[in-house]
Structures are given as structure tokens and as C-alpha cells.
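Have a look at the structure below, then the notes.
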Protein chains: 2
Amino acid sequence: MPADRAPTRIQKKNRAAILEAALDVFSSHGFRGSTVDQIAKAAGLSKPNLLYYFPSKEAIFNELMAGLLDTWLDPLRALDPEGEPLEEILAYVQRKLQMSRDFPRESRLYANEIVQGAPRLHDVIASDLNVLVEEKARLLQGWMDAGRINRAHPKHLLFSIWSLTQHYADFDAQVRTLMGDEDPFDAAPQYLETLYRRMLTPQS
Amino acid sequence: MPADRAPTRIQKKNRAAILEAALDVFSSHGFRGSTVDQIAKAAGLSKPNLLYYFPSKEAIFNELMAGLLDTWLDPLRALDPEGEPLEEILAYVQRKLQMSRDFPRESRLYANEIVQGAPRLHDVIASDLNVLVEEKARLLQGWMDAGRINRAHPKHLLFSIWSLTQHYADFDAQVRTLMGDEDPFDAAPQYLETLYRRMLTPQS
DNA sequence: CGTGAGTTTGACCAGTTGGTCAAATCATTG
DNA sequence: CAATGATTTGACCAACTGGTCAAACTCACG
């Protein structure tokens, strides 16, 4: 393993290549289903060479996850208490949808983990994510109490946004097969905007 | 392997126990992540004993999947062209949600497969499911054209129903952690009914 | 209660997998 | 260009995994 001095040119390049390859492999086979050899080959390295940069398969996975979670929550963090409620929510939905389009592997990596019971993620969900969700749920509740958006269970509202947007990344294989030639992302933004607009636009 | 005569009492019991155990194990670790030993132990058998009833790990998986897909599509098949459109759709949503509550392992097994690119399911999705979806999408489009429900992309409408309902099974670990004491299934039916009612109730 | 089919198991095998290590090669810099 | 540290690799290991097999055991039934 490289000393903990400043990383050399080669270290930077190879660590990046490994993480990129690992994202590819882990997101399409899950942790258990992925082999170090697969990742090494995808990164253009030999297995021992890869293990020169990371102490273990699990270490690669953890670093990937740590990096992922931060960017993953950014769109929700950006939900602005000062903004116009409905537009804020619609913008959040579109940001999240955009992430499913641009980073489907990250979405699937996360989905893989949660579906399998989140063994390696339970702590961070129970702490960081929980705090953020509580905060934003209160914000949404406030907007509802003020009559600025229609009432709905705030946490379920958040779940529905995650679910609907990530579905296009996580179930990509199914969605594309059923859509035929049509790109799912052509109509999805419109569909979701309509859905949440109709649902949340305040009715007297 | 047992001869292909009528199954004995023991065969019936053990095959059922194996499939039950396999559902448990496969749905929480995926195919690659599950071992025959795990399944055998969960079924209360030794590994060679299990392999006396099924020729291979893959055979267990396939039999499980074959059984699953049929029941999985039933709720959609039951969408009745003769019924009142909005109520038909709302009933479909509730049936699907009920399945997430009653058969979360089946949902996760399916999710696991699709997230990983549906390698073992692509054919059946492209044939059986595709036919069913095309049929029901036309039905929904007809209802919209007749002004009986609000307009929305019919396939995306179906995707959203799957996504929202299955989310409660597939992301159960996350949902429960974030809901604390509250059972997600307490508010979910109400939330989804409201969502689709507001979205689809025809507006002049 | 004996006997043949149905059932169970311990021992085993070959292939895979995560990970190690010493030796070889390469890059940087004094 | 020497020499020192960084990088790479082939050979290897122990644990695990899917699957086999012959021998032992159990059960239903005449």
C-alpha cells in the first residue's frame, strides 16, 4: 500500500480507475456477486496490483459508498425553505430524475444495498439520512400547514419522490424493454412534473 | 432425484421447505450471494440432501421465479376494462400495495434480479410482460381519450404504480428506519389513494 | 418382519475466490 | 546514471462453493 504521503501521479490514476471499475462491477452484480479479479480486469490491473492500492474488496466498496452517499443526498439538501414550495419540490424531483439519468450505476449500487437489507448502510441511514429527512419532513409539513401545498404525509411524499425517480435507473432493464424504441427519459420529466403538480397544487 | 411418480409425503414437505428457505435466502442475498449450504440449513436439510430434491442451485432459483412471475402479474391482469376507470386503477394500486406488505420477499427477489440487469428474466419480460403492458396501456389510453381519467403517459403511469408500491417492500430497510415506530403500511394506502385520485380525477 | 424403494449423510473433488509475498521492474530525483 | 522508493507480477495459499457418490439408514407395504 502506498505510504500516506501525497499521492503520486500513478496512484491518483490507478485509484480512480479502480473506483470507476468497482462502481461498474458492484452496481451490476452486488457486493457478493462481484470478484476482485473482475474489478481488476475492468480497471486494467492485475489482482495483486489492485490489492496494492486497496487493502481489500470491502475497502473498495466502503470508499465507493462513502463518496456516493454525500452526492446522493445533495439534491434533498438543496430543498430551499425560502423558495416557492411547489416549485422547490418540482425542482427537487427533476434534480433527482436527472441523477437517475446521469448516474444510474450509483443508483443501482445503492438500491442493491438497500434491497438486501442495508447491512453495510444501516448506521448512516439511521443517523445522517434520518436527520436530514426529519428536517425536510418538518419543512414540508410547514408548507402544508400554511396552505401553500396540498396536504400529504411528508415522509411518504419524500419516499414517493425517491421511488419514482430512482425507478428509472434501478429498473432500467425492465423499463427500457417495455418502452421499446422510446427513451424513458423523454417523457419521464413531464410525467413526474404533472403528477406532483396535480397532487400538490393547493386546492381551496 | 425422486422418480417422476406421484410425490411422496416426504417429497412434498421437503420440496416446499426448500423453496420457502430459498425464497428467504435468495431475496436477501441475491442469486450469487446465496449458497446452497445456507438454503439447506434454512430448510433443515444437509446440502447433499437438498441436492437430492433439486439438481442444482439454479434449478431452485428457476422454479421459484417461474412460480413468482405468475402471481406477480395477477393484479394487473385483473384491471377490468368494464369497471369504473378511476376506481379500477385505485383498486389496482391497493392490490399491489397489499402484495408488497404480504409478499415482501417475492418483491425483493424480483427487484434483485431487475436491478442487476434482469439476466435471467429478460425473455419473459420482453414477451409475457410486454404483451400485458401493451394491452393495459391501450386500455388506460382509451379511458383518457374518453375523458374518464386525466391524461398521463400510460406506460409511465404503470411504472409509477409499480415503483411506488414495490418501494415499500424493496426499500423496507430504509423506509422502516426512517419511519421510526410508525408502521409504513399505516399511512401508505391513504397516501397512494390520495396521490392517484388527485392526479387522475378528470378535470374539465 | 422382511424387503425394496425412498431418503439421508460423510467424505470427497475440482474450481473459484480473497488475499499474501518475494522477487522483478519501473520512475524519480539527487 | 545510480540508487532508492514506488509499482507490478507470478506463484502460491487457505477457505469456500457447487456438486458427486457410495454407503447407510428409514419407511411403507405385502
Side-chain angles (χ1 to χ4, degrees), chain A residues 1-65 109 112-113 116 119-120, chain B residues 1-65 112 116 119-120:
Chain A
M1 7 147 167
D4 50 6
R5 336 184 149 282
T8 69
R9 176 181 56 88
I10 296 177
Q11 273 168 44
K12 234 181 278 185
K13 194 193 65 174
N14 281 346
R15 284 183 58 96
I18 290 169
L19 288 173
E20 164 66 23
L23 176 59
D24 232 64
V25 174
F26 280 140
S27 71
S28 47
H29 305 290
F31 180 79
R32 247 325 284 279
S34 306
T35 76
V36 176
D37 243 337
Q38 260 179 318
I39 300 173
K41 201 151 291 179
L45 300 175
S46 67
K47 184 170 62 161
N49 199 178
L50 180 150
L51 288 166
Y52 169 71
Y53 290 101
F54 287 87
S56 70
K57 178 182 167 181
E58 197 150 6
I60 306 175
F61 184 86
N62 289 338
E63 186 146 333
L64 213 51
M65 269 296 168
L109 179 61
N112 248 313
E113 276 305 290
Q116 305 195 358
R120 293 165 245 273
Chain B
M1 9 143 166
D4 50 5
R5 336 184 147 280
T8 69
R9 176 182 56 88
I10 297 179
Q11 274 168 42
K12 233 182 277 185
K13 194 193 64 176
N14 281 347
R15 285 184 58 96
I18 290 169
L19 288 173
E20 164 67 22
L23 176 59
D24 233 65
V25 174
F26 281 139
S27 72
S28 47
H29 304 290
F31 181 78
R32 254 307 303 268
S34 305
T35 75
V36 175
D37 242 337
Q38 262 178 318
I39 300 172
K41 201 152 291 178
L45 300 174
S46 66
K47 184 170 61 160
N49 199 178
L50 180 149
L51 289 166
Y52 168 72
Y53 291 101
F54 287 87
S56 70
K57 179 180 167 183
E58 197 149 8
I60 307 174
F61 185 86
N62 289 338
E63 184 145 335
L64 213 49
M65 270 297 168
N112 249 313
Q116 304 196 358
R120 292 166 244 273

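- Between A:F26 atom CZ and C:dG18 atom C1' the separation is 12 Å, expressed in whole Å.
- Proximity of A:N14 to the phosphate of D:dA6: no side-chain N or O atom is located under 4.0 Å from OP1 or OP2.
- OP1 or OP2 of C:dG18 has not a single side-chain nitrogen or oxygen of A:S56 nearer than 4.0 Å.
- Residue whose closest nucleotide on DNA chain C sits further toward the 5' end, between B:K47 and B:K13: B:K13.
- To the nearest 0.5 Å, atoms CD1 (B:I18) and CG (B:N49) are separated by 7.5 Å.
- Put simply, A:N49 has no side-chain N or O that comes within less than 4.0 Å of OP1 or OP2 on D:dT7.
- Residues A:P48 and B:F31 both approach DNA chain D. Their nearest nucleotides, taken by heavy-atom distance, put A:P48 toward the 5′ side.
- Between the side chain of B:K57 and the base of D:dG19, no donor-acceptor pair under 3.5 Å is found.
- For C:dC21, the OP1/OP2 oxygens have no side-chain nitrogen or oxygen of A:Y52 closer than 4.0 Å.
- For B:Q11 and C:dG6, the shortest distance from a side-chain N or O to OP1 or OP2 is not below 4.0 Å.
- Remark: B:T8 is not in phosphate contact with D:dA28, judged by side-chain N or O atoms under 4.0 Å from OP1 or OP2.
- Counting to the nearest Å, the P atom of C:dG10 and the CG atom of B:L45 are 13 Å from each other.
- In this pair, A:F61 and A:F31 present their aromatic rings perpendicular. The plane angle is above 60°, beyond the 30 to 60° band.
- Distance check: A:L19 CG to A:D24 CG gives 12.0 Å after rounding to the nearest 0.5 Å.
- Separating the CG atom of A:D37 from the P atom of D:dA11 is a distance of 15 Å, rounded to the nearest angstrom.
- Computed from coordinates, the B:I60 CD1 to D:dG18 C1' distance equals 11 Å when rounded to whole Å.
- Closest to the A:L51 side chain, of the nucleotides C:dT20, D:dA6, D:dG19, is C:dT20.
- Considering every non-hydrogen atom in both A:L50 and A:V36, the closest pair reads CD2-CG1, 4.0 Å.
- Distance CE/A:M65 to CG/A:N62: 9.0 Å, rounded to 0.5 Å.
- Where A:L50 and B:V36 meet DNA chain D, the nucleotide closest to each residue was compared, and A:L50 sits on the side nearer the 5' end.
- For C:dG10, the OP1/OP2 oxygens have no side-chain nitrogen or oxygen of B:S46 closer than 4.0 Å.
- In terms of phosphate contacts, A:R32 brings a side-chain nitrogen or oxygen within less than 4.0 Å of OP1 or OP2 of D:dT17.
- At D:dC27, none of the side-chain N or O atoms of B:R9 fall inside 4.0 Å of OP1 or OP2 (strictly under the cut-off).
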